[in-house]
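One structure below.
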There are 2 protein chains.
Amino acid sequence: MKRLNSKSGCAVEVTLSVMGGTWKPIVLFHLLHGTKRFSELARAIPNVTQRMLTLQLRELEEAGIVARTVYAEVPPRVDYALTDMGRSLEPVLTAMRDWGLGYSQTQGEEQERLQVQSVQARCVA
Amino acid sequence: MKRLNSKSGCAVEVTLSVMGGTWKPIVLFHLLHGTKRFSELARAIPNVTQRMLTLQLRELEEAGIVARTVYAEVPPRVDYALTDMGRSLEPVLTAMRDWGLGYSQTQGEEQERLQVQSVQARCVA
DNA sequence: CAGAATCCGAAAAGATACTG
DNA sequence: CAGTATCTTTTCGGATTCTG
């Protein structure tokens, strides 16, 4: 996801540069329901690799959307939570989910036939 | 943008599979304000190449979001318009724009320093 | 547990030139 | 005007191995 200059005036692109990508919205959705550990997120999103999850979380952290808390314990433990800025994304995520539900109903069967082998993300969003 | 199975239950991903990507939301935003010709879209989005614009429009057409009308004229003329399904994306796009505006205000200056060479899309969304 | 590091192939995107 | 075709570059993402 290309990050665009905020001077561009295209606010939509600013949003996409922050929460765009294949996994970020899913991650954010899970965090919307509360703080999660790395392993919890990994289990909740079966199709993401450790590497991808790490990268995406780091980018979200950099953008100020997600807060990462490391506990000095053995075994190690890391918590991820939304920042206030992150929580402010709720309307966007909700609008996306709602639209996706409607679209699935009207075009779902068609899409399924065409994409049998597609990735399946078992998130409960 | 990976297309996900609608059975996954993750409606957010369904939405992203349809209108995700760097250029689709920008294109959709422009079409929200009325029918546009290919060249109009190209001019409105200076950073997109002809090739990318064509590909994205084709995908949106396939998804039933955008309607393409070819006029048998010389010089050729092609119109792009949102379908009803496309117009139903308005709340999503609006939520994105609104969030982007807020984010730019609070984090904009910081982001700018970090991304001096970033792409600049002069869309008026 | 939660990652970091490295390697590698696939896929997306860009530049450029050409056409009905 | 509205694209295609082709080629190159860049990025994405998966597999694997290693570590505090």
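Computed over heavy atoms, backbone and side chain alike; hydrogens, waters and symmetry mates excluded.
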Extract from the structure each pairing of a protein N or O with an N or O of nucleotides 15-20 of chain C at less than 3.5 Å, listing the distance.
none

### Message
Pair B:Leu60, B:Lys24 - check side-chain contact (heavy atoms from CB on, under 4.5 Å), show working.
### Response
CA-CA 8 Å; B:Leu60 289 170; B:Lys24 289 202 192 85; 3.4 Å; yes
Nearest-Å distance, [atom1] ([X]) to [atom2] ([N])?
{"X": "B:Gln56", "N": "D:dG3", "atom1": "CD", "atom2": "P", "answer": "14 Å"}
{"X": "B:Asp79", "N": "D:dC1", "atom1": "CG", "atom2": "C1'", "answer": "12 Å"}
{"X": "A:Glu61", "N": "C:dA2", "atom1": "CD", "atom2": "C1'", "answer": "13 Å"}
{"X": "B:Leu41", "N": "D:dA2", "atom1": "CG", "atom2": "P", "answer": "10 Å"}
{"X": "A:Leu53", "N": "C:dC1", "atom1": "CG", "atom2": "C1'", "answer": "13 Å"}
{"X": "A:Ile45", "N": "D:dG14", "atom1": "CD1", "atom2": "P", "answer": "12 Å"}
{"X": "A:Met52", "N": "C:dG3", "atom1": "CE", "atom2": "C1'", "answer": "14 Å"}
{"X": "A:Leu55", "N": "D:dG14", "atom1": "CG", "atom2": "C1'", "answer": "12 Å"}

### Message
When you measure from the side chain of B:Tyr103 to the backbone of A:Ala11, do you find a donor-acceptor pair of N or O atoms at a distance under 3.5 Å?
### Response
no
### Task
Give a yes/no on whether any side-chain N or O of A:Thr54 is located under 4.0 angstrom from OP1 or OP2 of C:dA4.
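Checking A:Thr54 against C:dA4: no side-chain N or O falls below 4.0 Å of OP1 or OP2.
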### Query
Would B:Val70 and B:Val66 show up in the same hydrophobic cluster when neighbours are defined by side-chain heavy atoms closer than 4.5 Å?
yes
### Query
Just wondering, do B:Glu59 and B:Ile65 contact through their side chains at under 4.5 Å, heavy atoms?
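No, side chains not in contact.
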### Query
Can you name the closest pair of heavy atoms from B:Val14 and B:Ser17 and give their distance?
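Here B:Val14 and B:Ser17 meet closest at O-OG, 2.6 Å.
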### Sugar-phosphate only, base, or nothing, as touched by A:Tyr80 at under 4.0 Å among non-hydrogen atoms
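A:Tyr80: backbone/sugar contact only, no base atoms under 4.0 Å.
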### Query
Any idea which of D:dG3, D:dG13, C:dA2 is nearest the A:Ser39 side chain?
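Nearest to the side-chain atoms of A:Ser39, counting from C-beta on, is C:dA2.
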In a table with atom names and distances, give each donor-acceptor pair under 3.5 Å that connects a side chain of residues 49-57 of chain B to protein atoms at least two apart or in another chain.
| unit_1 | atom_1 | unit_2 | atom_2 | d |
| --- | --- | --- | --- | --- |
| B:Thr49 | OG1 | B:Met52 | N | 3.2 |
| B:Thr54 | OG1 | B:Gln50 | O | 2.8 |

### Message
Let me spell it out: for each of B:Arg58 and A:Val48, pick the nucleotide of DNA chain D with the closest heavy atom. Which residue's pick is nearer the 5' end?
### Response
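Its nearest nucleotide being more 5', the pick is B:Arg58.
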### Task
Using side chain to side chain donor-acceptor pair (under 3.5 Å) as the criterion, point out the one residue from A:His30, A:Arg68, A:Lys36 that pairs with A:Tyr80.
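Result for side chain to side chain donor-acceptor pair (under 3.5 Å) with A:Tyr80: A:Arg68.
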